Amino acid sequence: MPSEYDHAALEMKWRQRWQGSHIYEPDLLTAPNPYYNLMMFPYPSAEGLHVGNMYAFAGADAHGRFQRMQGHQVFEPMGFDAFGIHSENFALKVNRHPADLIAGNVANFRRQLERLGGQFDWSKTVATTDPRYYRWTQWLFLQLWKGGLAYRARRNVKWCPTDLTVLADEQVMGDGTCERCGTLVVERELEQWFLRISAYTDKLLANLDWLDWSESTKLLQRHWIGRSEGAHIDFPIEGQEPLRVFTTRPDTIFGATFMVLAPNHPRTLSLASPERRAAVADYVAEAARRRIAGVRNDSDQPQGLALGRNARHPLTGAEIPLFTAEYVLSDYGTGAIMAVPAHDQRDHAFATAFELPIIPVVTGESRDGAHSGSGTLINSGPFDGLGAPDPAREMVVAALTEQGLGQRQITYKLRDWGISRQRYWGPPIPAIHCPVHGAVPVPESELPVLLPHIDDFRPLGTGESPLARDPDFYNTTCPVCGGPAKRETDVSDNFLDSAWYYLRYPSADRDDVAFDRALTRRWLPVDTYIGGNEHAVLHLLYSRFIAMALHDLGWLDFDEPFKRFRAHGMITKDGAKMSKSRGNVVVPDEYIERFGADAFRLYLLAMGPFSEGGDFRDTGINGPQRFLNHVFRLLAQVEAPGTAEVEPLELARARNRCIRDVTRDTPELKYNTAIAAMMTFVKHLQAAAPPVPRPAMETLALLLAPFCPHAAEEIWERLGNPYSVHQQPWPTVDQNMLTRDQVVVVISINGRKRDQMDVPPGLSEDELRRRALGSKRIQELLDGSTPTKVFVVPDRQVNLVVPQR
RNA sequence: GCCGGGGUGGCGUAAUGGUAGCCGCAGCGGUCUUAAAAACCGUAGGACGAAAGUCCGUAUGGGUUCGAAUCCCAUCCCCGGUACCA
């Protein structure tokens with residue numbers, strides 16, 4: 001039966017047709033009206049794409065297909081983020097080499113992605129593990145280095161004493177243990193490479209004000225950048241350099257009764273008095289152990305120790321004691337604070353435990369002993385009576401600045417990006433260490449620095465990358481002097497690979513440049529980027545930083561890579577995040593096999609708003625499958641060509657309403673309501689007498705195209721139209737067809753529905769009022785009384801206000 | 001703790017100041033079938049009622065309004081982010 005909807009045969013047929021005709025591979029050099037539709041490329045795991053990936057790609061692909069039918073040439077590339085610790089750990093676990101696993105995983109992912117029916121341009125795919133790709137990742141690093149945006153510094157890394165390996169932060173569990181073996185993680189100081197993202201904090205923050213991004217994502221970035229306005233204040237110390245603090249509340253300085261240094265502040269030991277020094281050293285060492293173990297001091301009893309030395313209050317001249325305590329962090333602000341116990345809860349707790357004076361300087365109610373809000377200054381000498389924090393903040397800082405003891409200061413939580421990884425599965429950092437010339441860049445002509453295939457890629461246990469096992473790799477000569485030198489053996493962070501992949505796609509087949517100028521100018525920045533909010537801070541922030549850096553270095557004309565970003569929601573199973581450890585990961589293959597990619601896409605996208613995600617329930621896939629069955633049954637009832645093609649008025653109206661709704665909701669990614677509108681239209685067609693008007697079915701094929709790309713092609717073809725439905729313009733609404741002959745107007749009394757009437761649309765308020773009052777039922781209910789007021793909502797409601805008895 | 005999002009039938013959701021529950025899933029009744037599945041037709045928030053209809057109902061309590069799921073205040077719960085950030 002030709003009316004049968006045989007998804008398996010039909011989907012295979014159209015997949016082959018698309019591949020053969022290359023309709024998803026625009027000519028990037030000449031395509032007019034370009035639209036770059038980007039989605040976050042996946043990490044090709046051994047398990048294959050999961051439902052969450054499918055959801056993201058189905059939704060992003062629907063967007064790209066919709067844009068194509070709006071007249072754009074759409075470039076929709078796909079690639080693989082194949083380097084990184086996950087691949088490496090998996091390889092270690094199954095005792096295979098990661099390079100051997102990647103090929104199979106990528107092939108499997110590609111098979112799944114093709115099966116989904118995405119309009120991917122496979123002629124421009126990338127894999128970050130391909131030397132043709134990471135050559136340019138290394139090039140990018142060299143440009144940053146040249147531009148002063150890469151530098152070396154010593155920094156602590158997390159280290160597992162059992163696995164003898166450096167751990168990424170995300171491999172350390174909440175209780176400070178190694179995710180693989182459960183051992184308490186320790187810290188180790190290593191010399192590493194950093195990228196100076198801190199040079200762009202202001203711009204990263206400021207541009208968020210105008211970027212067209214999901215608000216949820218912008219908020220996460222703002223929070224992560226963590227800008228705080230305040231002041232640096234120097235507290236003089238007898239016979240020593242003054243101690244500098246950062247505070248956001250300089251207005252409360254008259255309430256500062258003691259000072260606290262982080263245990264690992266560089267001056268904690270040297271500021272301790274000679275008789276306290278031994279005790280302080282013990283405390284500092286103990287605090288370091290606790291910090292490494294991730295043990296936080298949550299007890300009510302604050303920990304800390306007096307240093308046995310005083311500083312002088314810069315405005316009152318009072319002697320105030322110095323302490324060290326773990327609640328002060330070394331890597332934020334200056335690592336030291338002025339403590340104002342009356343107006344900071346942590347300082348208050350500390351002051352109470354150590355019996356230190358508490359001087360209130362701002363009026364107002366306190367919570368947990370401290371009032372951190374606004375008020376009026378008291379006990380503040382010449383500043384008494386001023387509003388706090390403003391305007392007192394400014395005036396105090398001005399007074400301090402005059403004495404050379406303070407200045408306005410802005411502090412950020414965002415730190416520079418450490419990219420060194422003492423692991424194997426990443427691009428080698430292109431640097432050479434010369435005993436004479438220090439760290440020297442690898443000449444660009446010698447890129448890529450190939451990652452050698454070493455059999456034993458287990459972590460070394462020395463704090464060096466496994467590449468330090470391979471003398472053939474690291475023994476080299478200095479590019480400056482030609483003398484013997486050693487290559488950098490660390491590899492770079494996986495996030496560096498993904499921070500620029502969108503630039504590479506259009507130029508993926510080019511070996512002479514990282515990204516071609518003309519192609520980049522035509523296609524970038526990205527028109528729409530769709531991905532999960534789990535990458536809101538790291539990936540999306542790093543990508544923005546790299547674009548800004550490349551812009552300032554003269555490589556790009558733009559400095560924001562993604563004009564529009566939309567975060568999609570998360571797919572859960574039984575209300576919980578899918579994860580391997582929970583064992584609730586849904587593999588999509590069998591569903592696609594059974595119901596077809598089209599029904600599966602429809603199911604995922606109809607579940608709820610795309611930005612919200614939803615809970616996966618396999619019983620729900622019946623709905624979209626039935627819907628497609630209905631559509632194909634209707635297709636078999638379409639009037640034969642050449643017969644008198646008259647579209648009944650009611651169906652023409654339903655069709656236009658459907659076009660209106662789908663056209664309104666689809667670009668907003670409200671796929672659920674767009675699909676509901678199409679289902680409603682199909683119900684109308686089913687209820688109408690056959691034959692099915694041809695325009696109805698043609699419209700349906702066009703509207704379905706972004707969501708069910710295979711079925712839409714099939715319907716389009718069976719209607720006798722030329723290939724391909726995906727190259728057709730989107731249908732337009734005939735405004736004249738949006739009218740109705742009758743509307744239902746509800747009549748209510750005091751807001752409660754009491755009657756309704758069918759009236760022609762567009763009646764005047766007076767006419768509606770007259771007709772409502774004329775209703776027999778309303779007259780009975782009014783029982784002779786007159787409404788004191790009548791509210792009329794044209795075409796909708798008449799509300800009569802009657803005094804309650 | 002703090003920041004953000006959310007709480008609507010058995011379930012996913014729709015409606016963002018004007019008929020609450022569109023669309024779908026599961027259910028129930030029926031048709032077809034030896035039977036089941038599929039398919040199709042019908043039904044469907046709760047209570048009372050033969051019906052007409054009435055009352056109740058959008059986490060909970062209050063408020064604003066002619067009218068509130070929608071706006072405001074308070075409380076509870078769920079999800080996400082973050083966590084001694086001075």
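Just so it is clear: chains get the letters A, B, ... in the order the sequence lines come, proteins before strands, and each one is counted from 1. None of these values were measured; they are calculated from a predicted model.
- For A:Ser775, the side-chain contact (heavy atoms from CB on, under 4.5 Å) partners two or more places apart in sequence, or in a different chain, are A:Ile747, A:Asp755, A:Arg777, A:Ile778.
- Look at the C1' atom in both B:rA20 and B:rC73: the space between them is 24 Å, to the nearest Å.
- The phosphate of B:rC40 (OP1 or OP2) has a side-chain N or O of A:Arg633 nearer than 4.0 angstrom.
- Distances shown here put every side-chain N or O of A:Tyr327 at or beyond 4.0 Å from the OP1 or OP2 atom of B:rA86.
- An anti base is found at B:rG45: its glycosidic angle is more than 90° from 0.
- Atom P of B:rC23 sits at a distance of 23 Å from the matching atom of B:rG29, rounded to the whole Å.
- For A:Arg664, the salt bridge (charged side-chain N to carboxylate O under 4.0 Å, His left out) partners two or more places apart in sequence, or in a different chain, are A:Asp661.
- Between the P atoms of B:rC3 and B:rG9, the separation comes to 29 Å (whole Å).
- Between the side chains of A:Ser372 and A:Asp344, not a single donor N or O lies within less than 3.5 Å of an accepting N or O.
- The same atom, C1', is picked in B:rG24 and in B:rA14; the two are 11 Å apart, to the nearest Å.
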Salt bridge (charged side-chain N to carboxylate O under 4.0 Å, His left out) between A:Asp741 and A:Arg653: does it pass, once the steps are laid out? CA-CA 11 Å; A:Asp741 293 333; A:Arg653 286 174 168 177; 3.3 Å; yes
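- Rounded to a whole angstrom, the distance from the P atom of B:rA59 to that of B:rU54 is 25 Å.
- In A:Lys218, the NZ atom is crowded: over 12 heavy atoms of neighbouring residues, nucleotides or ligands sit closer than 6.0 Å.
- Distance A:Leu414 CG to B:rU82 C1': 15 Å, rounded to the nearest Å.
- Between B:rG4, B:rC55, B:rU82, one nucleotide has an atom nearer to the side chain of A:Trp224 than all others, and that is B:rU82.
- Under the Watson-Crick and G-U wobble criteria, each requiring two contacts below 3.5 Å, nucleotide B:rA69 is left unpaired.
- Remark: B:rU82 base-pairs with B:rG1. Criterion, Watson-Crick or G-U wobble with two distances under 3.5 Å.
- Whole-Å rounding puts the A:Leu243 CG to B:rA86 C1' distance at 13 Å.
- Taking only side-chain nitrogens and oxygens, A:His630 comes nearer than 4.0 Å to OP1 or OP2 of B:rC40.
- Side chains of A:Thr699 and A:Arg655: a donor on one and an acceptor on the other come within 3.5 Å.
- Remark: C1' of B:rU54 and CD of A:Glu780 are 15 Å apart, rounded to the nearest angstrom.
- For the C1' atom pair drawn from B:rG21 and B:rU16, the interatomic distance equals 15 Å after rounding to whole Å.
- Salt bridge present: A:Arg393 and A:Asp390 bring a charged side-chain N and a carboxylate O closer than 4.0 Å.
- If you check B:rA47 for Watson-Crick or wobble pairing at under 3.5 angstrom, you find it paired to B:rU54.
- Of the nucleotides present, none pairs with B:rU16 by Watson-Crick or G-U wobble criteria with both distances under 3.5 Å.
- Rounding to whole angstrom units, CD of residue A:Glu229 and P of B:rA86 are separated by 12 Å.
- Across B:rC3, B:rA86, B:rC55, the shortest atom-to-atom separation from the side chain of A:Val328 is found for B:rA86.
- For the 3.5 Å distance criterion, the side chains of A:Asn622 and A:Tyr603 fail to qualify, holding no donor opposite an acceptor.
- Here B:rG80 presents its C1' atom at 15 Å from CD1 of A:Ile571, a figure rounded to the nearest Å.
- The side chain of A:Arg754 contributes no N or O atom lying less than 4.0 Å from OP1 or OP2 of B:rA52.
- A distance of about 9 Å separates the P atoms of B:rU58 and B:rU70, rounded to the whole Å.
- The side chain to side chain contact (heavy atoms under 4.5 Å, CB included) test with A:Leu243 is passed by exactly one of A:Asp234, A:Ile233, A:Leu322: A:Leu322.
- Base pairing of B:rG42: its partner is B:rC28, meeting the Watson-Crick or G-U wobble criterion (both donor-acceptor distances under 3.5 Å).
- For B:rG53, the OP1/OP2 oxygens have no side-chain nitrogen or oxygen of A:Arg752 closer than 4.0 Å.
- Rounded to whole Å, the C1' atom of B:rG10 lies 8 Å from the corresponding atom of B:rG27.
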Could you write nucleotides 13-32 of chain B as a row of B, S and -, 5' to 3', where a protein heavy atom under 4.0 Å of any base atom gives B, of only sugar-phosphate atoms gives S, and otherwise -? SS---BB---SSSS------
